[in-house]
**Q** 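Encoded as structure tokens, here's the structure I'll be asking about.
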Amino acid sequence: MQLPDFRPVSHSRTTITELMIPAYANFGGKIHGGILLSLMDKVAYACAAKHAGNYCVTVTVDGVEFKQPVEVGELVSLMASVNYVGTTSLMVGIKVIAENVKTGIMKHTNTSYFTMVAKGEDNKPAKVPGLILENREDARRFLEARIRREIKTENEQYFLQQKNKYPVETALTILANERCKLAF
Ligand SMILES: CC(=O)SCCNC(=O)CCNC(=O)[C@H](O)C(C)(C)COP(=O)(O)OP(=O)(O)OC[C@H]1O[C@@H](n2cnc3c(N)ncnc32)[C@H](O)[C@@H]1OP(=O)(O)O
């Protein structure tokens with residue numbers, strides 16, 4: 001099938017809602033973070049593949065922070081949309097909401113950003129359609145995704161500089177103030 005040059009954000013916007021059953025709970029009775037991550041990967045894939053018109057793979061996951069615990073019996077909704085597209089990659093933003101069905105109280109448990117790459121029949125990165133931004137919110141998300149990408153690249157470069165500044169031998173003194181003991 002011939003892919004269009006551009007697709008609107010609304011074409012691939014996806015929501016998954018799932019009931020949190022007891023089998024998803026940890027020993028503390030709250031929902032395992034891994035269960036939520038798996039659901040996030042699923043919705044990110046559905047959204048990315050729909051936009052790309054191709055199989056997609058997850059490359060990076062950013063911004064995962066569990067702000068509040070999720071309880072057994074709550075309905076978790078994961079809302080995903082394509083925030084940004086490069087050439088073969090796209091960034092999917094996911095907002096996770098947990099709802100207590102008895103009280104109707106909703107809590108925003110986290111927002112994360114999945115970078116996915118489309119793969120063609122040859123298993124190589126494949127070009128994705130451009131993004132039609134349908135309102136100011138879509139435009140804001142696209143711009144913020146660009147900033148997020150730039151900051152990430154700068155942070156990676158800064159980390160490499162810092163890492164090389166402190167070879168282990170000269171940096172051992174720093175550890176004197178940390179809660180660790182050297183056993184070598
Ligand atoms: C659905 C699932 O869960 S799949 C399972 C988990 N995921 C996987 O198995 C993915 C394994 N990784 C891979 O296959 C490869 O690393 C790929 C295909 C993602 C990237 O391969 P590369 O050889 O690096 O490809 P290439 O250099 O052409 O980059 C392709 C795109 O990925 C982007 N990319 C690559 N690495 C990163 C990264 N760390 N962060 C953000 N974007 C990245 C590039 O910027 C490029 O985007 P663009 O085309 O929009 O400019």
Side-chain angles (χ1 to χ4, degrees), residues 1-21 23-24 26 31-66 70 76-98 109-135 137-165:
M1 189 185 76
Q2 177 74 27
L3 281 174
D5 286 341
F6 287 86
R7 271 182 168 151
V9 173
S10 56
H11 174 80
S12 53
R13 191 169 281 125
T14 307
T15 299
I16 290 179
T17 299
E18 180 137 338
L19 174 66
M20 296 295 106
I21 58 173
Y24 294 169
N26 59 26
I31 301 303
H32 274 294
I35 296 286
L36 298 170
L37 283 173
S38 169
L39 286 169
M40 284 156 61
D41 197 40
K42 214 186 266 184
V43 77
Y45 177 83
C47 180
K50 208 162 175 210
H51 181 82
N54 258 319
Y55 175 70
C56 292
V57 292
T58 311
V59 199
T60 63
V61 178
D62 295 310
V64 175
E65 181 192 355
F66 298 110
V70 176
V76 167
S77 293
L78 303 101
M79 290 157 276
S81 61
V82 176
N83 286 0
Y84 174 87
V85 295
T87 306
T88 65
S89 67
L90 33 82
M91 192 189 283
V92 176
I94 303 168
K95 185 172 184 180
V96 185
I97 303 276
T109 66
N110 69 305
T111 296
S112 306
Y113 304 93
F114 280 55
T115 299
M116 320 282 291
V117 171
K119 293 263 186 125
E121 293 298 327
D122 56 1
N123 207 30
K124 293 202 171 112
K127 195 171 176 186
V128 297
L131 199 58
I132 299 173
L133 307 172
E134 298 169 284
N135 50 51
E137 189 72 353
D138 292 347
R140 179 186 65 77
R141 288 191 178 130
F142 195 96
L143 287 166
E144 285 185 7
R146 277 191 82 229
I147 297 170
R148 212 167 258 119
R149 271 170 67 109
E150 279 169 21
I151 290 175
K152 198 172 160 187
T153 307
E154 282 167 17
N155 276 346
E156 275 159 14
Q157 283 163 0
Y158 179 67
F159 173 73
L160 287 175
Q161 280 168 12
Q162 292 301 307
K163 186 170 85 120
N164 295 334
K165 240 165 83 181

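One-based numbering, in listed order, for ligands and for the atoms of each.
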**Q** Looking at every heavy atom in both M91 and A145, which two are closest together, and how far apart are they?
**A**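 In terms of heavy atoms, the two residues are closest at SD-CB, 3.8 Å.
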
**Q** Just verifying a value: how many Å separate E18 CD and I35 CD1, rounded to the nearest 0.5 Å?
**A**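 Result: 8.5 Å between the selected atoms.
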
**Q** Run the numbers on R148 and T115 for side chain to side chain contact (heavy atoms under 4.5 Å, CB included), then give the verdict.
**A** CA-CA 11 Å; R148 212 167 258 119; T115 299; over 6 Å; no

**Q** What heavy-atom pair brings V85 and L131 nearest, and what distance separates the two atoms?
**A**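 So the minimum-distance heavy-atom pair works out to CG2-N, 3.9 Å.
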
**Q** Give the residues near ligand 1 by chain and number, with the criterion being a heavy-atom distance under 4.0 Å.
**A**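 Correct list: D41, Y45, C56, V57, T58, V59, T60, G86, T87, T88, S89, T115, V117, K119, P125.
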
**Q** Whether R149 engages the ring of Y84 as a cation-pi pair (distance to the six-membered ring centre under 6.0 angstrom, angle to the ring normal within 45°) should be assessed.
**A**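 No, R149 does not sit over the ring of Y84.
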
**Q** With side chain to side chain contact (heavy atoms under 4.5 Å, CB included) as the criterion, how do I97 and M79 come out once you've worked through the C-alpha distance, each side chain's angles and the decisive distance to 0.1 Å?
**A** CA-CA 8 Å; I97 303 276; M79 290 157 276; 3.2 Å; yes

